[in-house]
Amino acid sequence: MVFLRKNMLAILVLAYSTVTGQDTSYTQLTTIVVSANKLKEKRIESPVAISILSPKTVDEAKAQRIDFLLNKVSGVYMPTIGNEQHMMSIRQPISLKGLYLYLEDGMPIRTSGLFSSNALIEMNSSNIHSIEIIKGPASALYGAEAIGGVVNILTTPVPSKADAFISTQITNTGFKKLDLSWGAPTKTGGWMISAAFTDQKNGITEYSDFNKKALSVKRTFRVNEKLKGYQNLQYINYYTQMTGSLDSIKFFQKNFGSQQSFTFRKIDALRFRQNLDYNWNTHSNTTFNFMYRNNTMDQNPAYLIASTANATKFKGQVNSNHFDAYVLDLQHIWSIPLLSSKIMLGGYWDITNQNLIANYIDIVKDTSIGKFTKYTYPIRDSLITNYNTQISNKAIYFNYIANLNKAIRLNMTMRYDNFEYLFNNLLPIGTPSANNNFTQFTPKLGLTYNQRKWGGYLNYSKGFVPPQITEIYNAIRVPYLLPQNFSNIEIGSWYQSKKISAEISIYSLQGKNEIISVRQTDGVNLNQNSGATSHMGIEYQVRYQLAPSMDISLNGTNTRHKYLNTSIKGVDVSGKQMNAAPNLFNNISFNWKPTKLIRSSLEWIHQSAYYMDETNTTRYPGFNLLNARFGLQLKKSEIWLNVLNLTNTYYSTMATKNFSVKGSSAYSYYLGEPRAITIGWKWYIIK
């Protein structure tokens, strides 16, 4: 609490010292958001910490990847680990864990239980209109995995007038991208089509080429005054060479060579959505969504290569994970003017069929050059995993919103989820076939208080994560596991005037029943609900209008993440700080637009030191980055110059040290990008 008091005081002093007014053109706090309650309402009416990356911010950033956008948000750090592969940190340490929910227009892009840390690869970056980020548990509305946060990417709407452009950009690090977009209204709706083609060759690290093709098609329609809807098709084809991370020797020697010569990751993702919206009358509305997902990820992963007693012989695997999902989402909203309230009742059903096949491979390493040069399938049967799982997630949720008076607004939500896993092992050995069921109630209660220039909120919420398929079916027997639970309480406030806009959130998030691997008396390691953690922090954002053409903004977070009841490989780490958990992450940006046609910005990103291991013996010092962006708007075109990592800082986006009870440790550093100079051009064919 001393940590919270000190940082709270610092932020309040900063806010007080700059309170002189806010440019009315800055409307973040009065923006209409849809993520907080699955319906449109003002940002200040939502009793949650929610940040918005507006269409203007998205457009001016000219981001090559989504992390360049999300890292602008207070409380969010999305480290790249190469070629759009990523980790995430929102109210949690940096990790690959399934503690985040990624949405596209309010619908999950993947099935719960099949979390992928690289899920945002499956988005079309050229089709991003804006982004809403809910921080903290949101399971009461969105269900599983909405623990650290929810990232809702809102796709580009059909324009009111015909619009088309072509955009291209290239960098000095081998990156090239081409974006195409066309949209036009019709008498009863309209079309929006966007495509992106990305390619990288000869990057800074050896064996790091990748390419990606993305296509988005949206058609809106209106049948009559009451019934309207849209169809949305998304297709992603992605391939990358998987070079992996650097060990400590290579990192400090700045040796960017790779041991790999054949590892890869390939993704084919297709999503189709049918939306129908029926307006019964001025007080009653029904929305129906059907979604189909078809997803295949093929890998020869670098992270599964393991050594043997022979220095030239290694082992690994080639695997393929496929799923087909059918999703129904139905919600109805009643407005009750007499009580100044709204009621929303919704139902959700996701049926997913998943199959994983993995084959063992023998790998040869040429020790003279330090590379894995080839692999073969053993003469004997190489099949090591082959199973099907049917996942059924049925849920019902209820949301009640009421204006208690002109200033106070109540928001109450409750959701019930039922998960059923039908696991069928197609091999005579390994994990036995099994059926498992999980149920969960998740509540959320919030209050907002708003006056003309300031306001605040208070909320209590719970979130949950069901056992992932890989956590429950990866041993010789099926463990008894319950969903992981997280309880969150937070308080926040906002202030806005002519020149200043400020927000602050203070939270305490407690995790229980967290799944950790525990060694049994018979020597077998099994997952158990034995872990507990504590996450506390302050998130803040302040924007100050220096002049009509200049503004400065600060987005930051101060956090403390601790193990409460956790044993790792037989060592109790309770009371230790969690690894990969920086206490401070800040983004300060200065924007200057001397004319309507010229824009420029300077951005400083700071990450503090953190422990690389669970026993708190080794620290990574953190980093400081400087980014500069310039743009010139012409009559029918736009050109821009982005210089990222302006000072060419050498750093790691994520650094870890694997703890070993034998005293040996493996260091891992994911290399941050050096100075990257991007030149881009956009031509408005129709504007």
Partner of Ser89 by side-chain contact (heavy atoms from CB on, under 4.5 Å), out of Ile94, Leu99, Thr559: Ile94
Would Ser74 and Thr557 count as having a side-chain donor-acceptor pair, cut-off 3.5 Å? no
Close aromatic pair by centroid cut-off 6.0 Å: Tyr421 and Phe438: yes
So, do Met550 and Phe590 sit near enough that their side-chain heavy atoms are less than 4.5 Å apart? yes
Ser116 versus Tyr102, closest heavy-atom pair with distance: O-CE1, 4.5 Å
Taking NZ, NE, NH1 and NH2 as the nitrogens, is one of them in Arg91 or Glu539 under 4.0 Å from a carboxylate oxygen of the other? yes
Using every non-hydrogen atom in the two residues, find where Ser139 and Ile147 come nearest and quote the distance to one decimal. OG-CD1, 4.2 Å
Are any of the side-chain nitrogens in Glu503 or Arg43 under 4.0 Å away from the carboxylate oxygens of its partner? yes
Charged N to carboxylate O below 4.0 Å: is that the case for Arg293 and Asp350? yes
Would you mind reporting whether Met344 and His332 have side-chain heavy atoms less than 4.5 Å apart? no
Would you call the rings of Phe464 and Phe419 parallel, tilted or perpendicular, taking 30° and 60° as the class edges? perpendicular
Is it the case that Thr533 and Glu514 place a side-chain donor and acceptor less than 3.5 Å from each other? yes
Could you walk me through whether Tyr449 and Trp494 satisfy the ring pair (Phe, Tyr, Trp, His ring centres under 6.0 Å) test, starting with their C-alpha distance in whole Å, then the side-chain angles of each, then the deciding distance to 0.1 Å, before giving a yes or no? CA-CA 10 Å; Tyr449 177 81; Trp494 64 269; 10.0 Å; no
Can you tell if the side chain of Asp105 reaches within under 4.5 Å of the side chain of Asn232, non-hydrogen atoms only? yes
Check this for me, if you would: do Lys72 and Glu603 make a salt bridge, where the nitrogen-to-carboxylate-oxygen distance has to be below 4.0 angstrom? yes
With Tyr348 via ring pair (Phe, Tyr, Trp, His ring centres under 6.0 Å) - residues at least two apart: none
Presence of salt bridge, Asp551 and Arg543, under 4.0 angstrom: yes
Got Met192 and Pro159 here, is their nearest side-chain heavy-atom distance under 4.5 Å? yes
Using ring pair (Phe, Tyr, Trp, His ring centres under 6.0 Å) as the criterion, list what pairs up with Tyr278, not counting sequence neighbours. Trp280
After noting the C-alpha distance and the side-chain angles of Asn393 and Asn418, does the key distance pass the side-chain hydrogen bond (donor to acceptor under 3.5 Å, both in side chains) rule? CA-CA 6 Å; Asn393 175 205; Asn418 175 272; over 6 Å; no
Cation-aromatic face contact Lys218/Tyr230, 6.0 Å, 45 degrees: yes
Keeping the roles fixed (side chain from Asp59, backbone from Pro55), state whether a donor-acceptor pair exists under 3.5 Å. no
Between Gln274 and Tyr292, does a side-chain hydrogen bond (donor to acceptor under 3.5 Å, both in side chains) hold up when you go through it step by step? CA-CA 9 Å; Gln274 173 66 68; Tyr292 169 68; over 6 Å; no
How close do Ile588 and Leu554 get, heavy atom to heavy atom, and via which atoms? CG1-CD1, 3.5 Å
On a heavy-atom basis, which atom in Ala61 and which in Leu69 lie closest, and how many Å separate them? CB-CD2, 3.7 Å
Between Tyr507 and Asn488, does a side chain to side chain contact (heavy atoms under 4.5 Å, CB included) hold up when you go through it step by step? CA-CA 7 Å; Tyr507 68 89; Asn488 179 72; 3.8 Å; yes
Separation of Asn403 CG from Asn450 CG (nearest 0.5 Å): 10.0 Å
For residues Ser505 and Tyr457, is any side-chain donor paired with an opposing acceptor at under 3.5 Å? yes
From Ser553 OG over to Asn591 CG, what is the distance, rounded to the nearest 0.5 angstrom? 6.0 Å
For the residue pair Tyr540 and Asn555, establish whether any side-chain heavy-atom pair is separated by less than 4.5 Å. no
Compute whether any side-chain donor of one residue and acceptor of the other, for His606 and Ser608, lie under 3.5 angstrom apart. no
From CA spacing to verdict: side-chain hydrogen bond (donor to acceptor under 3.5 Å, both in side chains), Asn152, Glu104: CA-CA 6 Å; Asn152 187 17; Glu104 183 178 64; over 6 Å; no
Distance alone, cut at 3.5 Å: any donor-acceptor contact between the side chains of Trp349 and Ser392? yes
Between Thr352 and Thr111, do the side chains contain a donor N or O and an acceptor N or O under 3.5 Å apart? yes
Could you check whether Lys161 pairs with Asp163 (Lys NZ or Arg NE/NH1/NH2 to Asp/Glu carboxylate O, under 4.0 Å)? no
Could you tell me whether Gln451 atom CD has more than 12 heavy atoms of other residues or ligands within 6.0 Å of it? yes
Test side-chain hydrogen bond (donor to acceptor under 3.5 Å, both in side chains) applied to Glu45 and Thr448, step by step: CA-CA 6 Å; Glu45 295 175 344; Thr448 60; over 6 Å; no
Report the C-alpha separation of Val151 and Ile90 in whole Å, then their side-chain angles, then the decisive distance to 0.1 Å, and conclude whether the side chain to side chain contact (heavy atoms under 4.5 Å, CB included) test is met. CA-CA 10 Å; Val151 178; Ile90 308 175; 4.2 Å; yes
Nearest 0.5 angstrom please: Met78 CE to Ile66 CD1, how far? 6.0 Å
Would you say Asn289 and Leu328 make side-chain contact, with heavy atoms under 4.5 Å? no
Side chain Arg415, main chain Leu141, donor-acceptor under 3.5 Å: yes
Is a donor from one side chain sitting under 3.5 angstrom from an acceptor on the other, for Asn399 and Asn411? yes
Measure the shortest side-chain to side-chain distance between Ser216 and Asn124 over non-hydrogen atoms and say whether it is less than 4.5 angstrom. yes
Minimum heavy-atom separation for Gln484 to Asn513, with atom names? CG-O, 3.3 Å
Any donor-acceptor N/O pair, Arg65 side chain to Ser125 backbone, under 3.5 Å: no
NZ (Lys562) with more than 12 external heavy atoms under 6.0 Å: no
Return yes if a side-chain donor-acceptor contact under 3.5 Å exists between Tyr460 and Glu490, otherwise no. no
May I ask you to say whether Glu60 pairs ionically with Lys593, meaning some side-chain N is under 4.0 Å from a carboxylate O? yes
For residues Pro137 and Leu509, determine if any side-chain heavy atom of one lies less than 4.5 Å from a side-chain heavy atom of the other. yes
Which atoms form the tightest heavy-atom contact between His86 and Leu96, and what is the distance? O-CD2, 4.1 Å
Donor-acceptor under 3.5 Å (Asp417 side chain, Ala395 main chain): no
